[in-house]
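Take a look at the structure set out below.
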Amino acid sequence: MTDNTADYSDQSTQRDTSDPTNDDMLVETDVAGAATESDQVAADTIIRSRDLDVFYGAEQALDGIDIDIPENRVTAIIGPSGCGKSTFLRCVNRMNDRIDNCRVEGELSLRGKNVYDDDVDPVALRRRVGMVFQEPNPFPKSIYDNVAYGLEIQDVEGDHDEIVEEALKRAALWDEVKDQLDSSGLDLSGGQQQRLCIARAIAVDPEVILMDEPASALDPVATSKIEDLIEELAEDYTVVIVTHNMQQAARISDKTAVFLTGGELVEFGDTNQIFENPDNQRVEDYITGKFG
Amino acid sequence: MARDSYQEKLETLQSDVLYMSEVVVDRLRLALESMEQKDDDTAWEVIDNDSEVNELYLDLEEDCIDLLALQQPVAGDLRLIASSFKIITDLERIADLAVNLAEYTLDADRDMYPEVDIQAIGTTTIQMVEDSMDAYAAEDIDACYDIADRDDDLDDRCRRASETVMRDLIETEIDERSAESDVEALMQDVSRLLLTIRDLERVGDHAVNIAARTLYMVEKDDELIY
């Protein structure tokens, strides 16, 4: 973590470690009630939802989601197609705002501050909550510029060369690209491109990294590298990953949330408990393949 | 129901483990019968056919490994396989103990002590093994606890039986007129009887292990494992 005195409201991307709630990062002016609310949140919870409903027009995608996602852990979200797992992920950094008929009700808070409050700036939120998608989506720019892009857009202070190198190292890509930083990011293999996207996400030093099926387009070797990386990232970041691959969830996550049809969170617990002895029969049927 | 062939493999595993237990119980029954009737042919049948149990064990072990490697089982399926994997080891050991009993039959050159009812203890252990496997088949957790309780009684009976044999040895008068061969025979009888009692007590322990793994399989409860 770099030294930091910057203020997020000034479009900085560094974390102010003196403020454990970090509420001022989300809003132009701090909200009076936020500190009290955050005090009630369990110490290790970074993302909390209560009675969270999401609708796409008349169709309900999420139904009363209550969850406490712990900090600096990997939380996997699994479930069949259409169960709302990606919808939940996209609520956390308000990517759903971009969908016209999407309506969100209930509470979804980051360190005790509801991210859907009127005073929350979605752009500031997304600096704290990075995202990696299913298909690697590097910009048609050099490897260096891909990683430095967020730093420049957000006018991050400090030595960008150092930050880019550090991000590429953390994304386990540095050794493979250090001699070709000026080549196009699009010339890399699929697995390298995905790690480049992860480097781009972590360069701006977020608190949470959301991953939506980050390895589903990759071969087994590239998948292993991404999985190793995810486990390492959890030392510094909170990782929330949506995956169709239950074994991947079992391998890399600390906590697993099982969403089932109807947009319901049916069970959330320690990953070993979910995969060895789930409480819920529907979860048992789903993970053992008896579902449907 | 999805993954039909996988579900069939799990059902086959469970029925194969039950078949192995029937073979093992049969060996135990024959070994006790050979003892009671001093029937060397039956004893040899138990000893010679032990390789069949070993082969069953190896086949089932391979089935478990294949299921783990190829199907990535989780939850109840995983516990069924993990428990079965442990239970077949207990069954294989029970078969080894049956071989021990058959070998004692071959070594014995006279009737056992009538004061110690080996057959009654043996019948109890057979019943415990059968009941533990019924619990595994029916996923009956009450039966698992019952078997653990019955093992306490069995241990007590085995301890008293051993004491009886030892007391008898102490009370036996051995003087200068006793033939050396008689003394030797007495020593062998006593040690063989003590080993018989110990082996039967171990059969009971394996039945408890099976019950403990069954309880884990059904409820992920490890209370009976130690």
Side-chain angles (χ1 to χ4, degrees), chain A residues 74-83 85 213 215-216 219-220 223-224 227 231 241-261 264-292, chain B residues 1-17 63-87 135-142 144-145 209-226:
Chain A
V74 179
T75 295
I77 301 177
I78 61 172
S81 295
C83 68
K85 53 192 189 300
E213 295 269 3
S216 63
D219 70 28
T223 297
S224 301
E227 289 183 1
E231 291 188 86
I241 176 173
V242 162
T243 177
H244 270 300
N245 183 334
M246 280 188 279
Q247 294 314 312
Q248 182 172 69
R251 283 193 295 267
I252 63 172
S253 71
D254 303 291
K255 306 281 274 190
T256 296
V258 186
F259 284 63
L260 292 178
T261 310
E264 247 183 292
L265 171 60
V266 181
E267 190 165 349
F268 177 58
D270 289 342
T271 294
N272 59 349
Q273 179 257 316
I274 295 284
F275 283 95
E276 289 171 25
N277 191 29
D279 289 332
N280 186 287
Q281 187 59 43
R282 288 169 68 201
V283 171
E284 170 106 16
D285 289 348
Y286 176 67
I287 64 174
T288 56
K290 298 185 190 82
F291 187 88
Chain B
M1 181 79 75
R3 298 185 79 185
D4 290 342
S5 112
Y6 166 55
Q7 292 304 325
E8 274 172 31
K9 286 188 172 87
L10 290 174
E11 285 165 20
T12 303
L13 173 69
Q14 200 163 11
S15 61
D16 286 352
V17 172
D63 290 346
C64 290
I65 297 279
D66 282 350
L67 281 164
L68 290 169
L70 305 179
Q71 302 289 348
Q72 291 93 42
V74 294
D77 297 348
L78 175 64
R79 298 200 306 279
L80 166 67
I81 297 167
S83 296
S84 300
F85 197 93
K86 298 291 287 184
I87 286 169
Y136 167 80
E139 302 188 350
D140 181 349
I141 57 170
D142 292 337
C144 296
Y145 285 110
N209 287 352
I210 292 167
R213 294 296 167 184
T214 297
L215 181 62
Y216 173 82
M217 176 178 86
V218 180
E219 296 221 314
K220 197 179 180 286
D221 182 343
D222 57 8
E223 184 183 338
L224 293 178
I225 289 176
Y226 289 109

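Order of the sequence lines fixes the chain letters, A, B, ..., with proteins taken first and strands second; residue numbering starts at 1 for each chain.
Contact annotation for A/Q247: only side-chain heavy atoms (C-beta onward) come within less than 4.5 Å of a heavy atom of chain B. Interface remark: B/Q71 contributes no atoms to any contact with chain A (heavy atom separation under 4.5 Å).
Going from atom CD of A/E284 over to atom CG of A/D279 covers 10.5 Å, rounded to the nearest 0.5 Å. How far OH of B/Y216 is from CZ of B/R79: 6.5 Å, rounded to the nearest 0.5 Å. Rounding to the nearest 0.5 angstrom, the gap separating the CG atom in A/D270 from the CG atom in A/D254 is 8.0 Å.
Here the closest heavy-atom approach between residue A/L260 and residue A/V283 is recorded as CD1-N, 4.3 Å.
Across B/P73, B/A75, B/A82, the residue that shares the most heavy-atom pairs under 4.5 angstrom with chain A is B/A75.
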